[in-house]
J.: 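Just dropping this structure here.
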Amino acid sequence: MATLPNPLPKLAADPSGSSLGLELPAGSLIDVTAEGPADEPLLWCADEPARPGDYDTLQPARRAAGLLPVLLDLGGDQGGLDEWHLLPDEASYPGDHDAEEVLEEFWEEYAADELTPDADYPGREAADQIVVETFGEQATYNETIAPYGPEWPGLAPATEHGQDQAVDPDARAAEITDSLADSGTWLKEPRLALVPARRSADIPAAIGWSGQINYEGDVARLCAVLRSWEDRFGIRVVALTADQLVLSVAAPPTTQEEAEAIAAEHFAFCPDNITQGHHETLRAYARHEVLDQRTWSFWWD
């Protein structure tokens, strides 16, 4: 696939973006990566924290210049973008990967690891007891992934709501972004950014986001899954922190059965959401974090 032309260099001489049909607030072009400056800017980032309504004002950039809006959280201990270890050269092209093949590989690799007996060692029984005393009894692998088993259950069908396209995904993204930009949310200092990308699902790969690096080295493989979720559930990438990915969902599941099928994909995509989250089984996670939820978020340890 041919690389899209990057319109961001034009903003160096035209900070407001008027030549691209835009009216941008004050901002900066970002070319910093973990391996030194990139040949071209990776993104444009506003200088001031985002406010409700700002995201919608940048929506025309999608049509005018192929620049997609997203929130970046640069506050608290997240650090600036120079601390995010962006690795754009390590990302392949999302369209070169098949979403189901990626998820099936993740699911079956996790199953193989869990079903292989742990090696015994002196003091293991005492160590296991400390874990139980500290964290309580942990769900077994079979309990965690029920109603499924070690064999990949397949992709969830598109939700009926998603097939109807009753809710515009970009309108839902603006709604969720406004709520995240409002004061008092868990984002410390959200800044609006513009990223040159073919579609919202590609934003992490376009900037070389590495929040998932301990789980998957090529973020484009995860973006392939996000593309599939765009098609089936109307997701948009609305926010990134140094280690967290936040999606808006235009067509969430409305039944527990639908939610469990999607939760299986979430488990393959990001097991830490369940194994290190507030809900230690797939069924509970589906009920509380997927069913009727307009926002999905993912965090990798």
Side-chain angles (χ1 to χ4, degrees), residues 8 24-34 38 41-59 61-62 67-88 91 169-170 172-197 200-216 219 222-223 226 229 235-249 266 269-270 272-273 276-278 289 293-301:
L8 289 176
L24 299 178
S28 304
L29 294 173
I30 306 298
D31 65 0
V32 62
T33 79
L42 301 175
L43 58 98
W44 171 91
C45 185
D47 289 343
E48 298 296 325
R51 299 167 300 179
D54 285 354
Y55 182 92
D56 224 20
T57 66
L58 292 187
Q59 289 277 27
R62 181 192 307 271
L67 296 170
L68 306 189
V70 66
L71 286 178
L72 305 179
D73 188 9
L74 306 183
D77 58 2
Q78 296 289 331
L81 288 168
D82 58 334
E83 299 180 36
W84 279 32
H85 303 290
L86 299 178
L87 295 166
D170 293 327
R172 175 58 53 81
E175 170 195 334
I176 297 302
T177 305
D178 281 354
S179 69
L180 292 172
D182 202 1
S183 59
T185 67
W186 57 270
L187 293 182
K188 305 298 184 185
E189 192 178 315
R191 305 281 188 92
L192 268 172
L194 290 173
V195 177
S200 181
D202 294 356
I203 287 174
I207 67 172
W209 187 69
S210 63
Q212 83 307 326
I213 196 73
N214 290 336
Y215 183 62
E216 167 57 49
V219 69
L222 297 184
C223 290
L226 297 179
W229 290 349
I235 69 97
R236 294 290 186 266
V237 175
V238 293
L240 293 167
T241 75
D243 59 6
Q244 192 166 4
L245 165 69
V246 185
L247 312 177
S248 62
V249 190
H266 285 204
F269 186 81
C270 179
D272 291 343
N273 259 27
Q276 298 192 50
H278 299 297
E289 304 293 343
Q293 295 301 306
R294 298 177 299 171
T295 306
W296 297 340
S297 64
F298 302 90
W299 167 84
W300 291 265
D301 191 1

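Throughout, numbering of the chain's residues begins at 1 and tracks the sequence. All values below were derived from every heavy atom in this structure, side-chain atoms included, with hydrogens, water molecules and symmetry-related copies excluded.
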J.: Kindly say whether Q244 contributes a backbone atom to a donor-acceptor pair with the side chain of T241 at under 3.5 angstrom?
T.: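 Confirmed, T241 side chain pairs with Q244 backbone.
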J.: Using ring-ring contact (aromatic ring centres under 6.0 Å, His included), reason through W209 and F298 one step at a time and then give a plain yes or no.
T.: CA-CA 13 Å; W209 187 69; F298 302 90; over 10 Å; no
J.: Find the distance between CG (D301) and CG (D243) and round it off to the nearest 0.5 Å.
T.: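 Rounded to the nearest 0.5 Å, the CG-CG separation comes out at 9.0 Å.
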J.: How far does CG of L194 sit from CD1 of I30, to the nearest 0.5 angstrom?
T.: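 Taking CG in L194 and CD1 in I30, the distance rounds to 12.0 Å.
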J.: Just how far is it from atom CH2 of W44 to atom CG of L192, taken to the nearest 0.5 Å?
T.: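 One gets 7.0 Å once the value is rounded to the nearest 0.5 Å.
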J.: Is it true that a side-chain atom of R236 and a backbone atom of S248 form a donor plus acceptor pair closer than 3.5 Å?
T.: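 Checking the backbone N and O of S248 against the side chain of R236, no donor-acceptor pair under 3.5 Å is found.
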J.: Identify the two heavy atoms, one from A239 and one from L180, that lie closest to each other, and give their separation to 0.1 Å.
T.: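 Taking A239 first and L180 second, the nearest heavy atoms are CB-CD1, 4.1 Å.
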J.: Please report the interatomic distance CD(E175) to CZ(R172), rounded to the nearest 0.5 Å.
T.: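 Result: 5.0 Å between the selected atoms.
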J.: To the nearest 0.5 Å, what is the distance between CG (L68) and CG (D202)?
T.: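 CG of D202 is found 8.5 Å from CG of L68.
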J.: Shortest non-hydrogen contact from L8 to P41?
T.: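 Nearest heavy atoms, L8 then P41: CD1-O, 3.7 Å.
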J.: Using modelled atom types only, decide if a donor and an acceptor are shared between the side chain of D73 and the backbone of L187 within a distance under 3.5 Å.
T.: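 Checking the backbone N and O of L187 against the side chain of D73, no donor-acceptor pair under 3.5 Å is found.
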J.: Within the structure provided, determine whether I176 and R294 are in side-chain contact (heavy-atom separation under 4.5 Å).
T.: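 I176 vs R294: side chains touch.
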J.: Run the numbers on L240 and I203 for side chain to side chain contact (heavy atoms under 4.5 Å, CB included), then give the verdict.
T.: CA-CA 10 Å; L240 293 167; I203 287 174; 4.3 Å; yes
J.: What's the shortest heavy-atom distance between P204 and L226, and which atoms?
T.: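 Scanning both residues completely, I find the closest heavy atoms to be CG-CD1, 4.3 Å.
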J.: Verify side chain to side chain contact (heavy atoms under 4.5 Å, CB included) between W84 and L72, making sure each step is shown before the conclusion.
T.: CA-CA 11 Å; W84 279 32; L72 305 179; 4.2 Å; yes
J.: Decide yes or no on side chain to side chain contact (heavy atoms under 4.5 Å, CB included) for C270 and L245, but give the supporting numbers first.
T.: CA-CA 11 Å; C270 179; L245 165 69; over 6 Å; no
J.: For residues L74 and L81, determine if any side-chain heavy atom of one lies less than 4.5 Å from a side-chain heavy atom of the other.
T.: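 Yes - at least one pair of side-chain heavy atoms lies under 4.5 Å apart.
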J.: Is D272 reaching over with its side chain to a backbone N or O of W300, donor-acceptor style, under 3.5 angstrom?
T.: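 Checking the backbone N and O of W300 against the side chain of D272, no donor-acceptor pair under 3.5 Å is found.
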J.: Check whether N273 reaches the backbone of S297 with its side chain - one donor and one acceptor, N or O, closer than 3.5 Å.
T.: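 Side chain of N273 to backbone of S297: a pair is present.
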J.: On a heavy-atom basis, which atom in L247 and which in V238 lie closest, and how many Å separate them?
T.: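 Scanning both residues, the minimum pair turns out to be C-CG2, 4.0 Å.
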J.: If you look at every heavy atom in G53 and D178, which pair is closest and at what distance?
T.: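 Taking G53 first and D178 second, the nearest heavy atoms are N-OD1, 2.7 Å.
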J.: Would you indicate whether E189, at its atom CD, is surrounded by more than 12 heavy atoms from other residues, nucleotides or ligands within a distance under 6.0 Å?
T.: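 Check passes, neighbour count above 12.
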J.: Take W229 and F269, measure what ring-ring contact (aromatic ring centres under 6.0 Å, His included) needs, and give me the verdict at the end.
T.: CA-CA 12 Å; W229 290 349; F269 186 81; 4.8 Å; yes
J.: What pair of heavy atoms forms the shortest contact from L58 to L24, and how long is it?
T.: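 Residues L58 and L24, closest heavy atoms: CD2-CD2, 3.6 Å.
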J.: So do the side chains of P25 and D47 get within less than 4.5 Å of each other, counting heavy atoms only?
T.: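 The answer is no; the side chains never approach within 4.5 Å.
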J.: Spell out, as yes or no, whether a donor-acceptor pair under 3.5 Å connects the side chain of S210 to the backbone of H85.
T.: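 Here the side-chain-to-backbone pair exists.
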